[in-house]
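Worksheet for the structure shown next.
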Amino acid sequence: MSDLNKIALKILSNGKGILAADESNATMTKRLEAVNINSTPESRLAFRETLFSSENMKECIGGVILYDETINQVSNSGQKIPEMILASGSVPGIKVDTGAKNLANSFEEKITEGLDDLRYRLKKYYELGARFTKWRAVYNINNKYPSKLAVHSNAHALARYSALVQECGMVPIVEPEVLMDGDHSADICLIKTSEVIQKCFEELILHKIDLKGLILKPNMILDGKNSKNKISNEEVSFKTLECLKRSVPSEVPGIAFLSGGQSELEAAENLNLISQNNNTNFIMTFSYGRALQQSALKTWSKDIKNIKETQKIFNHRAKMCSLASQGKWSKELESK
Ligand code: 13P
């Protein structure tokens, strides 16, 4: 087993998944201001370290994706944040793209940037303790998009990023996110997501990526947010599995879904059905941001001193996601 494969399995195995706490300062500011909290380096750290020191980190969270600010911070108890994550048996990770920018010659679409000084930044993050990384590409669906140009250029960037990350001894998370926005059907989402993921693997293979040392972070196959039709959760699981079976090479050890705007409940229920119906060899788990943090953030904002109450909420969500990744989640457990 290669070292990269070992890291990937440590993050994903035994009912564990990933906590995506890598919101940029701009995004985190939006989330904090929405619950009337002033966004400062101190308040961002205070919320995040409340999560990282929660009890169920040990049993349920195999990896935490950090943002540049957080990986350089020290907790109130004097521990460096990557050390705090390691102490709970979890692997520290880092978001390394520098965001999605307008794509030249297709201005309504995005290209994710961050390749220029990446080799240098990766070394620094490795020294700080990171052992995996994240790069997110985003694609819109409508009658024109995603264009071939967006599909190709983002796949190329994801492959170049992955090659540099593996060269530095870390596991790349490859995240091609086809957005929920729009009124498209789940079948269109299935076609477009398959096309996007297939192009990513074409480029990853061209760039000689060790597929056993990589984690795919895709969207689930859903109807567009504004679509009048809503397929059942069971159908979401079948269509998602169909898409992944046709698009992902069997060497890839695991798939960690983003929640992408689903509610906490939907994200747990859909993952649970995907795991129950999983007829592939891939580990299926979560790499959730909002679907792990939303309720905890609401509770925290009411009384930032009441760490216990926030941790209680986060522990429950982490446990629900962990059970869902093993196909053992139920609505009854959810309300306990
Ligand atoms: P959400 O689960 O909130 O979609 O966030 C996951 C993520 O890391 C997006 O890049």
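Atoms within a ligand are numbered from 1 in the order they appear, just like the ligands themselves.
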Report, one line per pair, each donor and acceptor closer than 3.5 Å where one atom sits in a side chain of residues 171-179; sequence neighbours left out.
unit_1 : atom_1 : unit_2 : atom_2 : d
E175   : OE1    : K134   : NZ     : 3.4
E177   : OE1    : R136   : NE     : 2.7
E177   : OE1    : R136   : NH2    : 2.9

Residue-level breakdown please: for S259 versus ligand 1, do any non-hydrogen atoms fall below 4.0 Å on the side chain, on the backbone, on both, or on neither?
both

Looking at E55 and K58, is there a salt bridge between them, counting it only when a charged N and a carboxylate O are closer than 4.0 Å?
yes

Say whether N270 and N233, considering side chains only, have a donor N or O and an acceptor N or O under 3.5 Å apart.
yes

Considering the options L216, T280, T193, I221, which one meets the side-chain contact (heavy atoms from CB on, under 4.5 Å) requirement together with L244?
L216

Need the ligand 1 atom indices (1-based, order shown) with element for anything under 4.0 Å from a heavy-atom of Y288.
2 (O)

Write out the residue and atom name of the closest protein heavy atom to atom 5 (O) of ligand 1, then the distance separating them to 0.1 Å.
G289 N, 3.6 Å

Give yes if a backbone or side-chain nitrogen or oxygen of A20 is under 3.5 Å from a nitrogen or oxygen of ligand 1, and no if not.
no

Sequence neighbours excluded, every pair satisfying salt bridge (Lys or Arg N to Asp or Glu O under 4.0 Å) that has a member inside residues 245-259:
E242-R246

Enter the distance from E109:CD to K144:NZ here, rounded to the nearest 0.5 Å.
8.5 Å

Option set Q294, Q262, R290, E177, criterion heavy-atom distance to atom 3 (O) of ligand 1, minimum
R290

Quick check on contacts: which atoms of ligand 1 are under 4.0 angstrom from a heavy atom of S287?
6 (C)

Residue-ligand contact A291/ligand 1, heavy atom below 4.0 Å:
no

So the atoms of ligand 1 within less than 4.0 Å of a heavy atom of K134 turn out to be 7 (C), 8 (O), 9 (C), 10 (O)

Number the atoms of ligand 1 from 1 as they appear, then name those within less than 4.0 Å of a heavy atom of G260, with their elements.
1 (P), 2 (O), 4 (O)

Relative to atom 8 (O) of ligand 1, which among R31, E175, R136, K217 owns the nearest non-hydrogen atom?
K217

Take N219 and F257 through the test side-chain contact (heavy atoms from CB on, under 4.5 Å) and record every step on the way to the result.
CA-CA 6 Å; N219 50 284; F257 294 97; over 6 Å; no

